[in-house]
Each structure stands twice: as structure tokens, then as C-alpha cells.
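Okay, so here's the structure we're looking at.
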Protein chains: 2
Amino acid sequence: MSEWQSEAEYLEQYDARRYDWPLVSVDVVIFTLYESRLQVLLIKRGEFPHRGRWALPGGFIAMDEDGDLQATARRKLREKTGVEAPLLEQVGSQGNDCRDPRGWSVTVLYMALIAWAPTAEFLEGVDDARWWPVEKVADLEMAFDHASLIEEARERLKNKTAYTVLPVHVLRRPFTLTQLQHAFELLMDTQLEKKSFRRRILNAEVLEETGEALLEGGRGRPAALYAPARGSERHLFARVFGESA
Amino acid sequence: MSEWQSEAEYLEQYDARRYDWPLVSVDVVIFTLYESRLQVLLIKRGEFPHRGRWALPGGFIAMDEDGDLQATARRKLREKTGVEAPLLEQVGSQGNDCRDPRGWSVTVLYMALIAWAPTAEFLEGVDDARWWPVEKVADLEMAFDHASLIEEARERLKNKTAYTVLPVHVLRRPFTLTQLQHAFELLMDTQLEKKSFRRRILNAEVLEETGEALLEGGRGRPAALYAPARGSERHLFARVFGESA
DNA sequence: TAAATAGTGTCTTTTAGACATTATCAT
DNA sequence: ATGATAATGTCTAAAAGACACTATTTA
């Protein structure tokens with residue numbers, strides 16, 4: 001069956017372009033917290049297909065620049081937000097013959113969590129991007145299957161929040177436990193019991209107290225400040241949280 | 001920037017083949033239980049690249065046959081095992097510029113769980129495939145990065161077994177609770193407490209007793225027989241299992 | 001002082017771990 | 001009866017839910 005004698009000979013004559021391939025892209029759902037809402041960054045498409053619709057930051061792999069898929073996702077995130085080292089993880093891939101009008105296409109979906117910063121700082125030179133509250137996405141004219149990709153990432157985010165400390169990544173540090181609880185509640189879309197929350201987080205030793213209490217613009221007792229401890233990203237709780245609500 | 005007036009016009013002239021694309025493949029780690037060991041199905045490659053090495057069942061998307069990625073995975077599984085409706089779920093994607101000597105390549109990885117059946121029944125017409133115990137894979141000459149893909153799937157399998165009833169899928173039904181416990185122990189690679197195991201599974205109401213007890217070749221008290229209840233695939237335990245061992 | 005926010009005490013509930021005990025079969 | 005395997009009883013431990021309570025700040 002093989003017409004070639006050796007691997008080297010085979011590779012010599014191999015030409016991918018002779019074949020039809022599915023399109024391959026990488027898309028990133030970038031989540032942040034702003035004005036007490038979970039928001040995602042969307043781009044208004046300037047090119048066909050789906051020109052004028054809202055889309056996820058993403059696109060094709062730059063085969064000369066990107067060493068791997070994660071690098072592509074990291075590049076897309078950097079181009080649109082300037083953020084260099086966010087929490088970034090793969091959600092999964094979608095591929096079928098109808099999601100892109102150009103033909104069979106596969107997208108590898110990532111999600112990123114970043115602390116919010118004023119639009120100007122993030123979007124210098126980027127005038128086609130803006131934050132949208134996740135619950136508003138359903139009302140937008142979305143490109144491709146990006147609305148359902150966002151849902152998929154949002155579901156993953158909700159699930160993982162129930163047994164990790166993922167929400168630390170949408171806060172600027174240091175933060176208070178109350179702020180962290182709010183972040184958990186928004187990402188999980190449920191109310192949490194204050195005492196249970198603090199007990200769980202504190203016992204897990206995933207935070208370290210930073211400086212002393214103090215700092216705080218408002219009234220009321222000043223809160224202690226915390227930052228994630230080393231290795232906290234990898235902490236897995238044995239039990240999920242917030243089942244009752 | 002756009003030279004075209006409409007989406008239709010753009011699509012008219014679009015030709016994917018003008019661009020360089022990464023290779024895209026789908027690979028499937030097929031797990032089963034046989035002779036009290038967790039095994040994976042591997043194929044001896046007959047073609048370049050990596051001719052003669054062991055590889056996962058998988059390959060390119062048939063853009064004319066496969067409606068989506070899952071369909072490709074299902075087709076690969078069917079071709080090698082004859083199994084039509086297994087547990088099949090996506091693990092994730094790997095993509096970089098070095099995993100395939102032909103160039104930048106992306107693979108979408110699936111895992112499948114099936115009940116074992118004698119080789120003849122499965123492999124009629126397939127003489128290049130055989131089951132290997134997972135722990136032996138490290139000693140084989142593996143193609144591409146398939147050894148690490150197997151590890152990734154195996155890790156996922158272990159993790160999910162701790163909060164689902166995934167192992168029901170590697171057993172022929174009906175099965176006894178003791179058999180199910182053995183399946184859990186092999187997939188999790190840990191010992192489980194009998195009473196805890198039974199209490200957990202039975203309280204979750206994910207099984208239904210099938211017929212009566214009886215049936216059993218051996219000595220000792222005959223065991224009750226069970227089959228998965230409807231919807232059991234979706235059952236998620238709030239707490240992981242088998243942390244102590 | 002009151003209002004506001006941070007933080008604790010403590011009782012209940014759920015579920016896993018440990019391991020001893022009982023049940024039912026073949027021989 | 002003995003051995004083997006299935007199934008249960010029951011105590012302990014860990015961690016979440018509920019909610020009342022105390023602590024520390026500003027105005």
C-alpha cells in the first residue's frame with residue numbers, strides 16, 4: 001500500500017494543501033466582573049463572514065508564531081486586552097459542517113478570567129471591542145455559534161467555581177472575603193451562606209492575609225485583606241458548594 | 001478593507017485551499033475492563049508517518065460523512081469495535097507544531113467506555129488492533145503524542161469516576177454491586193470501603209434492581225443484580241469519593 | 001448613640017470512613 | 001458445620017447549612 005520506503009521519503013513528498021481540510025480556529029471567552037455583573041468581551045466583526053455581528057475574540061492559528069493552541073488563545077487575549085498572564089484554560093472543541101458558512105469548521109474554545117480595568121487601559125487601539133453582561137448576550141446579533149460557545153464556557157465556569165477558588169482571578173488583589181464571596185456568588189449565580197463560605201475558604205488555606213486589615217473607603221468595620229496563596233489554583237475541594245440555593 | 005459587497009459574494013470566491021491549515025484529527029481512547037485490568041484499544045499503524053508504531057484509533061474527519069466531531073469519533077469507534085452507542089465524551093484538544101512530523105496539527109481527543117467482548121466478535125476484519133492494559137502503554141513504541149493523550153484521558157476517567165457512576169459503562173448488564181465496586185476501584189486506581197460504596201450508590205438511586213437476586217456461578221450468597229437507571233449518566237455526586245486511600 | 005459592615009459561635013444535617021456483625025448460598 | 005460471598009448496623013469524623021450573635025468602624 002505504501003509507495004514510500006521510509007518516513008523521510010514520505011514526509012518529503014507530503015503536501016497538506018492537496019487535501020481539503022476543515023477550518024480551525026481558537027476562540028476565547030474572556031470573563032470579568034464589572035459593576036457587580038459577570039461580563040464577557042465581544043468584538044464587532046469588521047470582515048465577512050458575519051460582518052457587523054458580535055463575536056468572541058479569536059481566529060485562526062498563526063502557524064509561524066504560535067507554538068501551541070494555548071499560545072494562540074494567549075495571543076488573542078493579549079491583542080484585545082493587553083493582559084499577559086491570565087487564568088486561561090481550555091473548555092473544549094466544537095466542530096461541524098454548519099457552524100461556519102465557509103464549510104466544515106472546528107473551533108477550540110478557551111475561557112479566561114481577568115480582573116477588570118477601565119476600558120481605555122485595555123482597549124487602546126482596539127475600538128471594536130466592548131464588555132457585555134453575559135445575560136445580555138442572548139439579545140445580541142451574534143456571529144457563528146458564539147452565543148452557544150459562551151453558554152458552554154459559562155456553564156463550565158459555574159461548575160468549576162463550586163469546587164475550586166477560580167473566582168480569585170476576576171478580582172484585583174488584595175481583596176476582602178466579602179468581595180471574594182460576591183465574586184463566587186456572581187460566577188455561580190447563587191447565594192452563599194457567609195459563615196460557610198468563610199470557613200471553607202479559610203480552612204482550605206488557599207489565601208494568605210496580606211498586610212493588615214485597614215484600608216477601606218466606606219463605613220463599618222474594616223475588612224482583612226487577602227491574596228491567593230501559591231498553588232491555590234490547583235486546590236480542589238472534595239465537596240461542591242452552594243447546593244441548597 | 002473588504003473587497004466584497006455582500007456575504008454571498010464573499011462566500012462565492014472563498015477557497016480554503018489557498019491557505020495553509022493545521023492538520024486536524026480526532027483520536028479516541030477506548031477503555032474497557034478485561035481480566036481485572038483497565039485496557040485500551042490500540043492500532044498498529046500500517047502507513048507513514050510512524051508506520052509500525054502503536055496508535056489510538058482515530059484519524060481525519062470525513063467531511064462528507066461526519067456531521068460533527070462526535071460523529072467522527074463514533075465512526076472511528078464503530079470501525080474498530082463494532083460498538084454503536086457507547087459512552088463517548090470529549091476530553092479536550094491538543095495542538096502544536098511538533099506533535100506530527102507533517103506540521104502543525106490539532107487533535108480532538110475523545111474517550112469511550114465499553115463493555116468487553118471477545119476479540120473475535122469485536123475485531124472481525126480488523127487485524128491491526130488489540131487491547132493493552134493501560135499500565136503497559138508506557139513500554140510500547142507509541143506513535144505521535146498518543147502516550148500522553150492516553151494519560152490525559154486516563155486522568156479524566158479517574159477524576160470523573162470520583163463523582164459520577166461512569167464505571168457502569170465498562171460492565172455488561174446486569175451486574176452485581178461487587179462487580180461495580182471492582183470497576184470503580186480499577187478506574188480510580190484505589191481501594192474503596194464496601195459499606196461506603198454501597199450506601200453511596202444505593203442512596204443515589206442511580207441503579208435499579210433487575211429481576212431478582214439469584215444467578216451466579218460461584219459459591220457464597222447470591223448477589224442482587226442491577227442495571228443503570230434512566231438518567232444515571234447525568235448524576236453528579238456533591239462529594240468526591242475515595243479520598244482516604 | 002445608630003447604622004453599617006466584618007467576623008464568630010454553635011447547633012443541625014449530610015455523608016464518608018472504619019469495621020464488626022449478620023445473611024444466604026454450596027459443599 | 002465450614003467456607004465463601006453478600007449485605008447490614010452502627011459509631012465516628014468532616015464539612016456544609018442555618019442563623020443568632022459579637023466586634024469595630026464612621027457619622
Side-chain angles (χ1 to χ4, degrees), chain A residues 36 159 161-165 171 174-185 188 190-227 235-245, chain B residues 36 159 161-165 171 174-185 188 190-227 235-245:
Chain A
S36 285
N159 292 339
T161 299
Y163 61 93
T164 62
V165 288
L171 295 178
F175 46 78
T176 70
L177 281 182
T178 303
Q179 288 167 342
L180 185 59
Q181 182 175 343
H182 286 154
F184 267 80
E185 290 175 338
M188 294 179 70
T190 191
Q191 293 289 106
L192 297 175
E193 202 57 45
K194 179 164 71 167
K195 176 65 184 198
S196 304
F197 178 77
R198 302 169 85 93
R199 192 173 40 201
R200 176 175 168 111
I201 299 293
L202 260 15
N203 287 347
E205 298 185 330
V206 287
L207 299 184
E208 45 193 31
E209 220 172 320
T210 162
E212 281 305 288
L214 298 219
L215 257 182
E216 210 59 16
R219 57 250 154 138
R221 175 173 170 176
L225 294 171
Y226 297 88
H235 185 84
L236 298 179
F237 290 94
R239 190 166 161 185
V240 302
F241 194 46
E243 288 287 76
S244 68
Chain B
S36 285
N159 292 337
T161 300
Y163 62 93
T164 62
V165 287
L171 296 178
F175 46 78
T176 70
L177 280 183
T178 303
Q179 289 167 341
L180 185 59
Q181 181 174 344
H182 286 154
F184 268 81
E185 290 176 338
M188 294 180 70
T190 191
Q191 294 288 107
L192 296 175
E193 202 57 45
K194 179 162 73 165
K195 177 64 187 203
S196 305
F197 178 77
R198 302 169 85 94
R199 191 173 40 201
R200 177 175 168 110
I201 299 293
L202 260 14
N203 287 347
E205 297 185 330
V206 287
L207 299 184
E208 44 193 31
E209 222 171 319
T210 163
E212 281 305 288
L214 298 219
L215 259 181
E216 210 58 14
R219 58 252 153 135
R221 175 171 169 178
L225 294 171
Y226 296 88
H235 184 84
L236 298 178
F237 290 94
R239 191 167 161 184
V240 301
F241 194 45
E243 287 287 75
S244 69

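Per chain, numbering begins at 1; letters A, B, ... match sequence-line order.
When the side-chain contact (heavy atoms from CB on, under 4.5 Å) test is applied to K195(A), the partners found at least two apart in sequence or on another chain are R199(A). The side-chain contact (heavy atoms from CB on, under 4.5 Å) test applied to R200(B) returns F237(B), F241(B), not counting sequence neighbours.
Put simply, R219(B) has no side-chain N or O that comes within less than 4.0 Å of OP1 or OP2 on dG3(D). For dG7(C), neither phosphate oxygen OP1 nor OP2 lies less than 4.0 angstrom from any side-chain nitrogen or oxygen of R221(A).
Rounded to a whole Å, the CD atom of Q181(A) is 14 Å from the P atom of dT5(C). Taking atom CG of L207(A) as the reference point, atom P of dA6(C) lies 15 Å away to the nearest angstrom. Whole-Å rounding puts the I201(A) CD1 to dA16(D) C1' distance at 13 Å. Separating the CG atom of L202(B) from the P atom of dA6(D) is a distance of 14 Å, rounded to the nearest angstrom. Distance, K194(A) NZ to dA4(C) C1': 11 Å, rounded to whole Å. Protein atom CZ of F197(A) is 15 Å distant from nucleotide atom C1' of dA15(D), rounded to whole Å. The OH atom of Y226(A) sits 12 Å away from the P atom of dA6(C) (whole-angstrom rounding). One can place CD of E193(B) at 13 Å from C1' of dT8(D), the figure rounded to the nearest angstrom.
Atoms CD and CG, from Q181(B) and L192(B) in turn, are 5.5 Å apart once rounded to the nearest 0.5 Å.
In terms of position along DNA chain D, the nucleotide closest to S196(A) lies nearer the 5' end than the nucleotide closest to the other residue of the pair G220(A) and S196(A). Comparing V240(B) and K195(A) by the nucleotide of DNA chain C that holds the closest heavy atom to each, the one mapping nearer the 5' end is K195(A).
Contact annotation: the side chain of Q179(A) never approaches that of H182(A) to less than 4.5 Å [non-hydrogen atoms, C-beta and beyond]. For the pair L177(B)/Y226(B), a side-chain contact is recorded, criterion being any heavy-atom separation below 4.5 Å from C-beta on. The shortest distance between side-chain heavy atoms of V240(B) and V240(A) does not fall below 4.5 Å.
Backbone-only engagement by F241(B) is indicated by non-hydrogen atom pairs under 4.0 Å involving sugar-phosphate atoms exclusively.
Closest to the R198(A) side chain, of the nucleotides dT25(D), dA7(D), dG7(C), is dG7(C).
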Give every pair of a protein N or O atom and an N or O atom of nucleotides 11-15 of chain C that lie under 3.5 Å apart, one pair per line with the distance.
from, atom 1, to, atom 2, distance (Å)
dT15(C), O2, R239(B), NH1, 3.3

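Classified by interplanar angle (parallel below 30°, tilted 30° to 60°, perpendicular above 60°), the ring pair F197(B)/F184(B) is perpendicular.
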